[in-house]
Trainee: 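One structure follows; several queries about it will come next.
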Amino acid sequence: MTAAERRLRRRWQRRPVGAVSRVLSPHGALALHRVDGALLFAARAALATASVALPAVLAGRPDLAVYAMLGSFTTTFGRNLPYPRRARVLAVVAVAMTACVGCGSALAAAARPWEYGAGAAVVVTATAVVAGLAKYACDVTRLGGLGAVLLLFSFAVAASGRPAPSDVLAQTAMAAAGAAVAWALALLGRFAHPDRPQRLAVASALRELADLLDATGDDGTRPSRYRATAAVLRAYHCLGLAPPAGTPRGDREMTCVRLADLSWSLLVGSARGPADGEPALPGRLRRQAGLLADRRRGDPPLLPELTPPVTTTAGAASPWSDERAWELLRGGPHPRVPVVPALRIALGTGVAGGLALLFGLGHGYWAAISAAAVLHSVNVRTTAQRAVQRTLGTGVGLLIALGVLATQPAPTALTLVIVALEFLLEYVVVRNYGLGVVFLTPLALLLSDLATPSAAGVLVLDRGLASILGIVVGLACALLVVHDRAALRVERALEACTEALQLAERALADRSAPPHPVVQVRLAVAVVELREADDAAAGELWPAGIDPATPATTEQRAYALLERLQHAR
């Protein structure tokens, strides 16, 4: 253990008064987020579900349709990735989803959990292990969204079925077919709008910059500047370029690259405060973002009111330094991925599943998934927000499910309702997780009814009790399993940002050559990581042990140096 770790551990020997109420605050749980392209993404997800499920239902095998739908959840991943990277990521996800279904089905056939006893305990234990591994893998690969919960859901549904050994291959094959269709549909847009992910990323950066320019006071400017910096870096990452990019590589990229460079210029210039004589600039940036996000425009125009910089890279920096900047932008500072979140989700899933088994709840895996969904978060504060969202969303969703099941729909009608719910889920979940749970709850219930028809009241009661159990267990695990690595992450991020500041100051002092782009990128990436680490630690029970003014002062210095580096190029 290092001296810094020992020092921080000593600071955490006392739990601060009021820490529990602070991190359990539900503030922000009902906030809505703006997302471009959500309608098309939801339509693609629904089409992927319908393409693999309806043929199986029409062929008289609604039980196999469920496994095809699990594979089709592959389309949920890689929402914002450029098409070449999306193809690679979704290929891996498709294999992982298929493997989860195949392993879960094989385990169910061997352990026979429906007979309870040792077989059911084995399935509960395996579900907890899968939850922990999936969470850690998603954290390492930086896969956002529902991530580990979907992988766990696929495994748990398959492991809770009643397959014969001869059914394992068929169920796995249906999951593979669903994943393959989802992969193909996720890449279909490349033929119509090959640069759409890049356009949406730049549009997001422009909107965040408009919010930054509108912000007033330190309380509003500091978070707005962080969001704008992160959005601009994501835009360059999506373009595959390092800021400032300079000359575009192709005609289709010209608009996005020039606007990305404009975003970078406005970002580094924002450290001086509001620009005089430009009160209309935020509105122009938002209008330009709207043009980029409009699918009807094959090549979105540049607003004449905006004058993006036209630069060239000739003589500004060597190809080696540009490549180094891109590598840093792509990888970031690579903070150590903590094991505690994976341990939390594994423990919560195992305890919730074990208690559901002990209490004799039908569909006990719902309790495990509820616990995992609550614990699939950044810290205790976001866990509390997830708990509120899941509680409210489940309550409304159960009413929807009860209304649908009361009509006793035929398998084909039930499948069409599931497709509609999948569309609504994918459309709203990116805006607010609680809204997504409103449609996720009946979707899970109807999937269960499609595989094994049951009485509507029994299904709704099982889901309600299992959800409450999972939410309570998830919150308890978040509070009891201390995440002390969050504060250490803040200290390391502060050290990395300080080193980047020193490097920038040395580059400015050397007047013999302009600063390399890697210096700017390293500083921008370091300041974003510092803010993210600070926010993550603030949501844990234990304080980081660092003066809150220190990260704020460091951020301010970093943005001031970014401006000076830009003018020195």
Trainee: Tell me whether Arg381 contacts the main-chain N or O of Ala538 through its side chain, where contact means a donor paired with an acceptor under 3.5 Å.
Mentor: yes
Trainee: Anything under 3.5 Å between a donor and an acceptor, one on a side chain of residues 93-105, the other on a protein residue two or more places apart or in another chain? List them.
Mentor:
from	atom 1	to	atom 2	distance (Å)
Thr98	OG1	Ala94	O	2.8
Ser105	OG	Gln171	OE1	2.5

Trainee: Between Ser454 and Thr452, is there a donor-acceptor pair closer than 3.5 Å when you use the side chain of the first and the backbone of the second?
Mentor: yes
Trainee: Start with the C-alpha distance between Ser377 and Thr383, add both sets of side-chain angles, then the distance that settles side-chain hydrogen bond (donor to acceptor under 3.5 Å, both in side chains), and finish with yes or no.
Mentor: CA-CA 6 Å; Ser377 52; Thr383 298; 2.6 Å; yes
Trainee: Less than 4.5 Å apart, side chain to side chain, heavy atoms only: is that true for Thr255 and Leu292?
Mentor: yes
Trainee: Quick one: are Pro409 and Val417 in side-chain contact, heavy atoms under 4.5 Å?
Mentor: no
Trainee: Restricting to non-hydrogen atoms, name the atom on Ala156 and the atom on Ile369 that form the minimum distance, rounded to 0.1 Å.
Mentor: CB-CD1, 4.0 Å
Trainee: Strictly by salt bridge (charged side-chain N to carboxylate O under 4.0 Å, His left out), give each pair with a member in residues 414-426 just once, sequence neighbours left out.
Mentor: Arg79-Glu426
Trainee: Run the numbers on Leu152 and Ile345 for side chain to side chain contact (heavy atoms under 4.5 Å, CB included), then give the verdict.
Mentor: CA-CA 11 Å; Leu152 173 64; Ile345 201 170; 5.8 Å; no
Trainee: Distance from Asp449 atom CG to Ile418 atom CD1, nearest 0.5 Å?
Mentor: 8.5 Å
Trainee: Hey, mind stepping through Tyr226 and Glu532 against side-chain hydrogen bond (donor to acceptor under 3.5 Å, both in side chains) and telling me if it holds?
Mentor: CA-CA 9 Å; Tyr226 153 70; Glu532 291 178 352; 3.1 Å; yes
Trainee: Without swapping roles, check the side chain of Arg196 against the backbone of Ala293 for a donor-acceptor pair under 3.5 Å.
Mentor: yes
Trainee: Salt bridge between Asp36 and Arg207, side-chain N to carboxylate O under 4.0 Å?
Mentor: yes
Trainee: Spell out, as yes or no, whether a donor-acceptor pair under 3.5 Å connects the side chain of Arg86 to the backbone of Gly78.
Mentor: yes
Trainee: To the nearest 0.5 Å, what is the distance between CG (Leu402) and CG (Leu445)?
Mentor: 9.5 Å
Trainee: Please give me the minimum heavy-atom distance between Asp211 and Arg286, naming the atom from each residue.
Mentor: OD1-NH2, 2.8 Å
Trainee: Any donor-acceptor pair under 3.5 Å linking the side chain of Asp195 with the backbone of Gln198?
Mentor: no
Trainee: Got Val429 and Leu435 here, is their nearest side-chain heavy-atom distance under 4.5 Å?
Mentor: no
Trainee: So which atom in Ala352 and which in Gly470 form the shortest heavy-atom distance, rounded to 0.1 Å?
Mentor: CB-CA, 4.3 Å
Trainee: Nearest 0.5 angstrom please: Leu461 CG to His363 NE2, how far?
Mentor: 11.5 Å
Trainee: For the atom pair CZ (Arg390) and OG1 (Thr441), what is the distance rounded to the nearest 0.5 Å?
Mentor: 6.0 Å
Trainee: Kindly say whether Leu459 contributes a backbone atom to a donor-acceptor pair with the side chain of Asp462 at under 3.5 angstrom?
Mentor: no
Trainee: Is there a donor-acceptor contact under 3.5 Å from the side chain of Thr394 to the main chain of Thr391?
Mentor: no
Trainee: Does any part of the side chain of Leu107, heavy atoms only, come nearer than 4.5 Å to the side chain of Val122, both counted from C-beta?
Mentor: yes
Trainee: Please assess His376 against Arg344 for the test side-chain hydrogen bond (donor to acceptor under 3.5 Å, both in side chains), listing each intermediate value before the final yes or no.
Mentor: CA-CA 9 Å; His376 193 264; Arg344 276 178 177 169; over 6 Å; no
Trainee: When you check the gap from the basic side-chain N to the acidic O, do Asp534 and Arg489 get nearer than 4.0 Å?
Mentor: no
Trainee: Minimum heavy-atom separation for Tyr365 and Val157, please, with both atom names.
Mentor: CE1-CG2, 3.9 Å
Trainee: Can you find a heavy atom in the side chain of Leu47 that is under 4.5 Å from one in the side chain of Leu185?
Mentor: yes
Trainee: Is there a side chain to side chain contact (heavy atoms under 4.5 Å, CB included) between Met69 and Leu447? Walk through the geometry before answering.
Mentor: CA-CA 9 Å; Met69 291 179 185; Leu447 280 176; 3.1 Å; yes
Trainee: Could you report the tightest heavy-atom contact between Gly474 and Leu375, atom names first, then the distance?
Mentor: O-CD2, 3.2 Å
Trainee: Between CG of Leu440 and CZ of Phe153, what distance do you get to the nearest 0.5 Å?
Mentor: 7.0 Å
Trainee: Checking side chain to side chain contact (heavy atoms under 4.5 Å, CB included) for the pair Leu40/Tyr427: CA distance, chi angles, key distance, verdict?
Mentor: CA-CA 9 Å; Leu40 181 64; Tyr427 183 70; over 6 Å; no
Trainee: Between the side chain of Thr407 and the main-chain N/O of Val404, is any donor-acceptor distance below 3.5 Å?
Mentor: yes
Trainee: Within the 4.5 Å heavy-atom criterion, are Asn432 and Val428 side-chain neighbours or not?
Mentor: no
Trainee: Using the test side-chain contact (heavy atoms from CB on, under 4.5 Å), find all partners of Ala228 that sit at least two apart in sequence or belong to another chain.
Mentor: Glu208, Leu209, Leu212, Leu267
Trainee: Between Ser72 and Ala182, what is the shortest heavy-atom contact and its length?
Mentor: O-CB, 3.5 Å
Trainee: Is there a donor-acceptor pair under 3.5 Å between the side chain of Arg431 and the backbone N or O of Leu32?
Mentor: no
Trainee: Got Val232 and Pro243 here, is their nearest side-chain heavy-atom distance under 4.5 Å?
Mentor: no
Trainee: Hey, what do you get for CD1 (Ile471) to OG (Ser370), rounding to the nearest 0.5 Å?
Mentor: 6.0 Å
Trainee: Any sub-3.5 Å donor-acceptor pair from Tyr236's side-chain atoms to Ala260's backbone N or O?
Mentor: yes
Trainee: Could you check whether any side-chain heavy atom of Phe77 comes within less than 4.5 Å of a side-chain heavy atom of Leu150, counting everything from C-beta outward?
Mentor: yes
Trainee: Would you please test Val438 and Leu424 for side chain to side chain contact (heavy atoms under 4.5 Å, CB included) and show each step?
Mentor: CA-CA 9 Å; Val438 169; Leu424 294 171; over 6 Å; no
